[in-house]
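As structure tokens, the structure follows; a few thoughts come after it.
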Amino acid sequence: MTLHAPPRVKRRIEGANRVYLFLDYDGTLADFAPTPEHVNPEPEVVTLVTELAGHPALRVAVISGRRLSHIEELVPVDEILLAGTYGVELRLPSGRHVDRVAYDEIRPVLGQIKPRWAQLIAGRDGFFLEDKGWALAIHGKFAAEDEAEKVLEEARGIATAVAWDGTHSDLFRILGGHKFLEIGPALAHKGKTVDYLLEWYAWPDALPLYVGDDDKDEEAFGVIHAHDGLAIKVSEQPCKTDADARLPSPPAVRRWLATLPKRFGDTEISTVDQR
Ligand SMILES: [Mg+2]
């Protein structure tokens, strides 16, 4: 099997009575889409998540930086938990939607930043703006390295001046990345989301297991450990990470996750819990 992990980690997974899965989407369950607006469900992912969700010893939460409506399209599976915008917007297993922050507090500020960011990248090659409703991002994916750095620094200055003008102090956070900058609610944080889900949608005696590929997922790894869980990093090569194990690619993640239901065999598992 392709899971790179010390024996103690493998033993914990194999010995778990049930597993509460927290799965990132892009770069974890599925390969990266050409642009964030690209919303084509992958049949293989849908089949896999359906199978995992249907097993009584597994529970599934998909946590993504994408907006919730996209995740609902990409993973059209009922009775699982979907978290969009890093967990600001949730779809519960019951189908109910929950916003963890008041949209009216967030949106006017983003509405001020958006035209200024649009102006900043106007006429520049390789940049595009992504408006997720709850968050605003500039991608410099196709821009030259030094120009991307300069433009994103300026974008950060604009966002900081607007969102930290003294009236919205703790409401926002800025997320950086390679050729990427995003402003969204302070709760747009996968670690805080996992903490919230494990408190409010707890599944006692389950092993929390998080699978993710980037620095936004790393923010959840410490939280998973605090809840006595395990983290798996998706990375082709060994890298600096707080995770306990590694899988090399989204196809490897899918293959490995597909083995989970078989591990539990016909073991009798209580199904009285509300999923
Ligand atoms: Mg990812």
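Note that these values count all heavy atoms, side chains included, but never hydrogens, waters or copies made by symmetry. On a predicted model such as this, the values are computed, not experimentally measured, just so you know. Start at 1 and go down the list; that is how both ligands and their atoms are numbered.
Taking the ring centre of Y25 as origin, the terminal cationic atom of R66 falls outside the region bounded by 6.0 Å and 45° from the ring axis.
Remark: aromatic rings of Y86 and H189 are distant, center separation not under 6.0 Å.
Between D213 and K233 no salt bridge is recorded (no basic side-chain N to carboxylate O distance below 4.0 Å).
Within the coordination shell of the Mg ion (ligand 1), defined by N, O or S atoms under 2.8 Å, D26 is present. Contact annotation: D213 places an N, O or S atom under 2.8 Å from the Mg ion (ligand 1).
Among heteroatoms of the N, O or S kind in D24, OD2 lies nearest the Mg ion (ligand 1).
Between the side chains of T259 and R263, at least one donor N or O lies within less than 3.5 Å of an accepting N or O.
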